Amino acid sequence: MKLVRSGENRYRLKRQGKMLVEGLVYANDYLLPLIATDKSLQQLADAAGLPGVVGPVCGMPDMHEGFGLPIGGVMACAPDGVISAGAVGMDINCGVRLLVTEVPADELDPPILRKLINRIERYVPTGVGRKGRNRGITRDIFEEAVHIGPLGLVKRGYGLPADLNKIEEGGCLPGADLGAVSSRACERGAVQLGTLGGGNHFIELQVISELYDRQTADAFGLCPGALTVMVHTGSRGFGHQICVDYSKILLAAAGEYGIEVPDRGLACAPIDSQEGKNYYAAMACAVNYAFANRHLITHEIRKAFVDVLGKGRYNLGINLVYDIAHNIAKWEEHGGQRLLIHRKGATRALPSGHMGNPSIYRHTGHPVLIPGSMGTASYVVTGMEKAAESFFSANHGAGRVLSRTAAKKEISKEQFELSMSGTLYNTRNYRELLDEAPGAYKDIDQVVETLAAIDLTCKVAKLEPLAVIKGKD
DNA sequence: ATGTGC
């Protein structure tokens with residue numbers, strides 16, 4: 001696959017073969033050689049050949065090979081185009097939520113940090129396959145959550161009313177219908193609501209180490225030295241099962257509608273078809289479920305903080321900064337056109353003044369949350385006008401350089417400990433974490449800088465990790 | 001990502 005340089009940090013993937021539109025890939029000199037090592041460019045080209053695709057298909061600087069569309073990929077489709085489960089991803093509405101506390105991080109020594117993550121882990125079940133403990137999360141609450149997201153939870157006393165306008169889409173994608181979801185998905189989903197999961201999912205205690213844009217940071221409630229909590233998780237077995245179910249359904253549908261599918265992972269159907277509409281209705285359930293999942297976890301984190309720090313002199317105001325999806329398909333208006341934007345390992349990044357922002361962030365642009373790998377920094381940025389060329393999208397993280405198996409094999413104990421640079425973690429056995437080691441990921445500073453340098457994004461704040469909870473498998 | 005498998 002041939003990339004043609006098109007200005008700083010920007011490459012065009014020119015039309016070839018069955019591509020209907022061009023690709024646009026963001027990389028600097030450090031990232032470019034890493035992108036060429038896997039199938040991600042071919043996957044981008046495959047997506048560019050789907051019916052109704054509106055160009056360019058975009059590859060973010062953290063792009064790497066995925067199921068169907070690469071992770072770090074953006075695909076826009078016109079209303080007469082297609083919808084693809086693989087272009088949303090296995091973990092529907094995998095996303096990030098950032099909380100900011102009024103606790104000065106330098107007053108928390110390692111034993112207190114340890115106490116905090118232990119208490120959080122006591123309240124939030126972690127690990128693959130883990131079910132929620134019976135904390136009153138009934139089938140009714142599950143069914144309400146998939147249809148209206150955190151809104152119903154707030155009415156029931158989980159979280160605060162003020163949280164709701166700090167969630168992408170207000171925490172509720174319209175059109176969710178549990179009737180489109182298999183009973184198997186519901187069985188898995190009902191018992192996992194309020195759990196973290198495994199893999200790259202985490203809860204991290206961080207300190208705001210640097211501000212780049214003080215005015216915007218103020219608007220986001222971010223002060224230097226304050227302790228923040230970042231939550232990265234998604235729709236657990238619920239979204240996974242929906243993706244698996246609909247990948248099969250959409251593959252069969254593609255055949256019926258005469259759509260040539262270049263790869264099983266890009267199985268798709270016309271947005272307007274019954275199969276396409278059903279997938280959207282099911283996906284919306286998982287989107288709302290994941291917002292609700294992060295919302296319930298927030299409730300448990302607030303409880304843990306009161307337990308550990310509540311008797312001291314701390315003001316325990318723990319405010320939601322924002323909650324953003326990075327695996328989702330939704331309707332947005334771009335250049336006067338209504339498009340179904342598939343973002344997989346990519347986040348929305350709207351500029352200031354854009355009407356798609358929640359009202360409280362209209363004048364700044366909503367916060368874009370970009371976690372680094374475990375042990376490395378995370379960033380808060382905003383979108384800029386120039387991001388119109390990527391359908392107002394930015395990268396979602398650092399992006400892998402080593403597969404999970406390669407990381408387990410190649411990274412030594414010494415390398416791991418050095419790369420964790422003193423960050424506390426919630427397990428005795430470092431081997432369980434090697435597949436998530438910093439060395440398995442790209443350099444987050446380089447990835448963030450790639451878009452910031454060409455004014456697609458504007459850096460607002462840097463967050464350094466202090467302690468992390470990872471799901472143990 | 002995931003009760004990690006068609």
Side-chain angles (χ1 to χ4, degrees), chain A residues 38 40 43 62-73 84-97 125-133 181-193 195-203 231-252 255 261 263-265 267 282-283 285-287 289-291 293-294 297 324-329 342-347 371 373-374 396-400 402-408 431-437 440-441 469-473:
Chain A
D38 64 17
S40 56
Q43 293 182 324
D62 55 343
M63 180 169 77
H64 59 102
E65 187 178 330
F67 169 66
L69 195 69
I71 294 155
S84 166
V88 170
M90 286 285 181
D91 188 5
I92 298 165
N93 191 4
C94 189
V96 180
R97 177 178 279 225
T126 72
V128 175
R130 194 60 67 87
K131 296 175 181 178
R133 298 172 195 122
V181 178
S182 69
S183 55
R184 194 177 188 188
C186 289
E187 281 159 27
R188 292 178 69 180
V191 294
Q192 291 190 333
L193 192 54
T195 65
L196 186 67
N200 64 1
H201 290 164
F202 65 79
I203 299 169
V231 180
H232 178 209
T233 183
S235 52
R236 311 286 289 104
F238 183 60
H240 180 264
Q241 190 64 51
I242 288 170
C243 183
V244 169
D245 292 342
Y246 274 95
S247 291
K248 281 181 210 145
I249 293 167
L250 295 177
L251 188 63
V261 173
D263 177 297
R264 300 172 61 85
M283 177 207 61
C285 286
V287 166
Y289 177 100
F291 284 135
N293 194 34
R294 293 192 287 272
I297 289 172
I324 198 162
H326 53 230
N327 281 4
I328 195 167
H342 298 72
R343 290 195 186 90
K344 179 179 181 184
T347 75
S373 60
M374 177 176 60
H396 82 310
R400 276 195 176 277
L402 294 179
S403 70
R404 292 186 186 280
T405 42
K408 293 243 185 213
R431 283 175 196 282
E432 293 177 17
L433 299 178
L434 275 185
D435 55 338
E436 286 297 318
Y441 284 85
I469 297 167
K470 278 282 193 181
K472 288 171 279 187
D473 296 347

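Chain letters run A, B, ... following the sequence lines, proteins first and then strands; every chain starts at 1. Predicted, not measured: the structure shown is a model, and the values here were computed from it.
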Taking CZ from R130(A) and P from dT4(B), how many angstroms apart are they, rounded to a whole number? 15 Å

Expressed as a whole number of angstroms, how long is the span from E187(A):CD to dT2(B):C1'? 16 Å

Between the main-chain N or O of A267(A) and the side-chain N or O of S84(A), is there a donor-acceptor pair closer than 3.5 Å? yes

Just to be sure I understand the rule, does R404(A) reach a base, reach only the sugar-phosphate, or reach nothing, if contact means heavy atoms closer than 4.0 Å? sugar-phosphate

M90(A) CE - dT2(B) P separation (whole Å): 11 Å

When rounded to whole Å, the CG to P distance for the pair D435(A) and dT4(B) reads 16 Å

Rounded to whole Å, please give me the gap between CZ in R264(A) and C1' in dC6(B). 8 Å

Check for a donor-acceptor pair, side chain of K470(A) on one end and backbone N or O of E432(A) on the other, with a separation under 3.5 Å. no

Quick one: label Q192(A) by what it contacts on the DNA or RNA (base, sugar-phosphate, nothing), any heavy atom closer than 4.0 Å. sugar-phosphate

In whole Å, I'd like the distance from the CZ atom of F67(A) to the P atom of dT4(B). 16 Å

For the pair made of NE2 in H201(A) and P in dT4(B), what is the distance, rounded to whole Å? 16 Å

Once salt bridge (Lys or Arg N to Asp or Glu O under 4.0 Å) is applied, do any residues pair with R404(A), and if so which ones, sequence neighbours excluded? D435(A), E436(A)

How many Å lie between OH on Y289(A) and C1' on dT2(B), as a whole number? 13 Å

Using side-chain hydrogen bond (donor to acceptor under 3.5 Å, both in side chains) as the criterion, list what pairs up with R343(A), not counting sequence neighbours. E332(A), S393(A)

